[in-house]
Amino acid sequence: MTTTSMETLSPLYAVVDLGSNSFHMLLTRQLADSVQVVDKVKRKVRLAAGLSAENILSEQAMAKGLECLSFFAERLQDIPKENIRIVATATLRLAHNRADFMAKAEKVLGHKVTLLSGIAEAKHIYLGVAHTSYSADKRLVLDIGGASTEIIVGRGFRVKQAHSLNLGCVTYNQQYFPDGTLTAENFAHAISAAEQTIATVKASFCDIGWQCVLGGSGTMQALAEMLIYQHKPSVLSLDFLYQVQKQLQTFEYIKDINLPGLSTERSPVIASGLAILIALFQQFSIQQLTLSSGALREGLLYEMLPNSHKTNIRQRTIQALSQRFHIDQQHADSVKRQIRTLFTQLKSTWHLPEGNALELLLASGDLHEIGLLLEYKYHQQHSAYILTHADLAGFSQSDRQLLVSLVTLYKGDINQLLIEQQSAIDAESATKLLIILRLAVKLCRRRKDDKLPNYRIRLNEKALHLSLPKVWLMQHALIHDELKQENDHIARLGYRLHIDCENELSVLATPD
């Protein structure tokens, strides 16, 4: 397919976000019923830092912003006009001289810039989360920007309540951490001020309620990266936020901040962002917050996309990868059926984790052969590389780690370190899921649905007993031999596998 025809069949879409902290440009196209990111450009403009006490944007700040937009304009000229959305947010909402800047910005870009109201921004943030994140249906979504914080509660794709508050990591940095000083007193003042602002809208959200809390702003991403650096689940808790606050207070100045896993790019506003986040946790009694896969830009993007299917985000991601890498879907479905059978029979005695853990195990059944398109010999390593670097909408960083470890180890030698390094679930539970995946794949080795027998599996202390019909085992000598060899691998994980030959009538029917 030529580049020209590809562009015609799958045109580019662009979203430009003139944020208070950074200007972003997101370029995508639709591919295999999913969104493919073609390019991302981000510039730390820190527009909010150029806002005076009288809400006048300085000439220097405007010049820096317009210079950034001149870079964006070069790329936008190749994209159909109707496929471009450019929006401005909190700082330009506050700036009294915003008309001057926006007129110059539109001239530089050659496109209209839309000033979003706080509520419109909040609603688009929520839709970005809903379209790209896997979570419970009823959500509280938080987003801390440079000059505003958005709070939204909704269900599915419907926003129930939304507010935009004038508190942001750049403006709070100037107000409560003067000259870049880090003290316990500065933190206390910043947290207290944020709590007072949040308290004015608290009741309207608590009256609706939620099942989970998500957020995807730079502050939350930076904190999640610190957890991942420590090989911990990227789920934020108030205790962890307090720990980071305590660590930050060991530095005298913001410029001296040097914490493991924290990028130097995020260091300048991590203290102010953390103070706001602590206030949010305390006011809403939040137990944990999970990182979302999308926010404002994704919300704007999906609004433009034709046939934007409101289906399960993970299934959409898996289907897109399956099509792109020509996965044998019939075989993947067979493996998943055996995963369900083994999981169901072992669930209670083996105390298997359900929910997200089972979803990830089934996803590994879908994707364990994704690397075959490149070559057979090293396809497990290729699979790991693809899943490590692919855009996996609906999967958190911790989810990705577990998925990669399962797919990498679904057959052959087992590197236990991969199981221990993932942070989605505890190592013992991950080990059990891996064993189930490996057995499911071996049972489907012949790749024929109608050749699989009814069977049962049970646990006796550390021994797994897999009962299969004697006649079937005789007819499938290769699978029988591989199952016997699997005991050597499972033994290294602390378990044993026994293959019991039984008469056909003594084997229980396999649940579908």
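In this structure, the side chain of S133 engages the main chain of S293 through a donor-acceptor pair within 3.5 Å. With hydrogens and angles disregarded, a donor-acceptor distance shorter than 3.5 Å links the side chain of Q380 to the backbone of K411. Between the side chain of D426 and the backbone N or O of S429, at least one donor-acceptor pair lies under 3.5 Å. A donor-acceptor pair under 3.5 Å links the side-chain atoms of S272 to the main chain of V269, judged by distance alone. A donor-acceptor pair under 3.5 Å is absent between the side-chain atoms of R446 and the main chain of L452, judged by distance alone. Checking side-chain atoms of T149 against main-chain N and O of L167 turns up a donor-acceptor pair under 3.5 Å. Q422 contributes a side-chain N or O that, together with a main-chain N or O of I425, makes up a donor-acceptor pair within less than 3.5 Å. No side-chain donor-acceptor contact under 3.5 Å links S285 to the backbone of F281. Judged by distance alone, with hydrogens and angles left aside, the side-chain atoms of Q345 form a donor-acceptor pair with the main-chain N or O of I457 at under 3.5 Å. Using modelled atom types, one side-chain atom of S334 and one backbone atom of Q330 make a donor-acceptor pair closer than 3.5 Å.
Using a 4.5 Å heavy-atom cutoff, the side chains of H489 and E486 are in contact. Looking at L127 and Y302, their side chains never come closer than 4.5 Å, going by heavy atoms from C-beta outward. Contact check for K347 versus T344: no side-chain heavy atoms found under the 4.5 Å cut-off. Taking the side chain as every heavy atom from C-beta outward, D399 and S396 approach each other to under 4.5 Å. A heavy-atom distance below 4.5 Å is found between the side chains of L362 and R340. Contact annotation: the side chain of F205 never approaches that of Q283 to less than 4.5 Å [non-hydrogen atoms, C-beta and beyond]. Counting heavy atoms from C-beta on, the side chains of N460 and H498 never come closer than 4.5 Å.
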Report task. Would you sort out whether L352 and L346 count as a side chain to side chain contact (heavy atoms under 4.5 Å, CB included), showing the intermediate values? Result -> CA-CA 7 Å; L352 294 173; L346 290 169; 4.0 Å; yes
Report task. Output, in order, the C-alpha distance, side-chain angles, deciding distance and verdict of side chain to side chain contact (heavy atoms under 4.5 Å, CB included) for D143 and I152. Result -> CA-CA 9 Å; D143 190 280; I152 317 99; 5.6 Å; no
Requested in this report: Could you check I276 against T219 for side chain to side chain contact (heavy atoms under 4.5 Å, CB included), going step by step and ending with a plain yes or no?
Outcome: CA-CA 10 Å; I276 295 169; T219 295; over 6 Å; no
Query raised in the report: Can S164 and E150 be said to form a side-chain hydrogen bond (donor to acceptor under 3.5 Å, both in side chains), step by step?
Result: CA-CA 4 Å; S164 180; E150 280 66 49; 2.5 Å; yes
**Report entry** Residue pair L305, Q30: steps toward the side chain to side chain contact (heavy atoms under 4.5 Å, CB included) verdict
**Finding:** CA-CA 8 Å; L305 293 178; Q30 281 189 300; 3.8 Å; yes
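Residues Y385 and H382 keep their aromatic ring centres 6.0 Å or farther apart. You'll find the ring centres of F157 and Y126 outside the 6.0 Å limit.
Ring orientation note: the planes of H331 and H368 are tilted relative to one another, at an angle of 30° to 60°.
Atom OG of S267 and atom CG of N258 lie 7.5 Å apart (nearest 0.5 Å). To the nearest 0.5 Å, the span separating CG on L342 from NZ on K432 amounts to 14.5 Å. The distance from atom OG of S135 to atom CG of L140, rounded to the nearest 0.5 Å, is 11.0 Å.
Remark: E369 engages R447 in a salt bridge, criterion side-chain N to carboxylate O under 4.0 Å.
For F177 against A190, the heavy-atom pair with the smallest separation is CE1-CB, 4.0 Å. Residue V37 comes nearest to D391 through the heavy atom pair CG2-OD2, 3.6 Å, listed as atom of the first residue, atom of the second, then distance. Contact detail for L289 and L142: the closest heavy-atom pair is CD1-CD1, 3.9 Å.
Partner of S217 under the side chain to side chain contact (heavy atoms under 4.5 Å, CB included) criterion, chosen from L277, N21, I144: I144.
Side-chain polar atoms of Q329 and D333 form a donor-acceptor pair below 3.5 angstrom. Judged by distance alone, the side chains of Q245 and Q249 do bring a donor and an acceptor atom under 3.5 Å apart.
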